[in-house]
Amino acid sequence: MSGYYLPHARAVFDHSGVAGCDRDARRVTRWLRRQHAAEISREDVRRQALCQTVNAEAAEDVLERLEAGGVVRLVVSGHEGAGRPRRRWQVNPNFRNSR
């Protein structure tokens, strides 16, 4: 019986009560593993990883959560001319190479 019920129970408990930001962060980490990208932007996360299901602020929240977990690191690039500096997140090489 444990071979049947235990995997199902784990799946239920793994997905129940997961906050939206946690669920989105998990989705982005799966996307990052498939992409093998060295750097990403907020728009990459919003458009490609989360398929435009969140706004820019929610994508920023997901990136902050991933940064707190050591998956990504904020890198502010220098810019030429007027405007804001470009914000990108560097993906942890240990995360990219792990399976």
request  = Any chance you could lay out the side-chain contact (heavy atoms from CB on, under 4.5 Å) test for Val72 and Leu74, step after step, and finish with the verdict?
outcome  = CA-CA 7 Å; Val72 296; Leu74 178 62; over 6 Å; no
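In this structure Asp44 satisfies the side chain to side chain donor-acceptor pair (under 3.5 Å) test together with Ser41, sequence neighbours excluded. Shown here are the side-chain contact (heavy atoms from CB on, under 4.5 Å) partners of Arg27, two or more places apart in sequence or in another chain: Arg30, Leu50, Cys51, Thr53. Applying the side-chain contact (heavy atoms from CB on, under 4.5 Å) rule to Ala59 yields the partners Arg42, Val45, Arg46, Val54; only residues at least two apart in sequence or on another chain are considered. Listed by chain and residue number, Arg88 satisfy the side chain to side chain donor-acceptor pair (under 3.5 Å) test with Glu39 (two or more places apart in sequence, or in another chain).
The minimum heavy-atom distance between Thr29 and Phe95, with the atom names listed, is O-CZ, 3.7 Å. Contact detail for Asn92 and Gly70: the closest heavy-atom pair is ND2-O, 3.0 Å.
Residue pairs meeting the side chain to side chain donor-acceptor pair (under 3.5 Å) criterion with at least one member in residues 63-76, sequence neighbours excluded, are Asp22-Arg65, Arg73-Gln90.
Note on Leu66 and Val75: separate hydrophobic clusters, where clusters join Ile, Leu, Val, Met, Phe, Trp and Tyr whose side-chain heavy atoms are under 4.5 Å apart, directly or indirectly.
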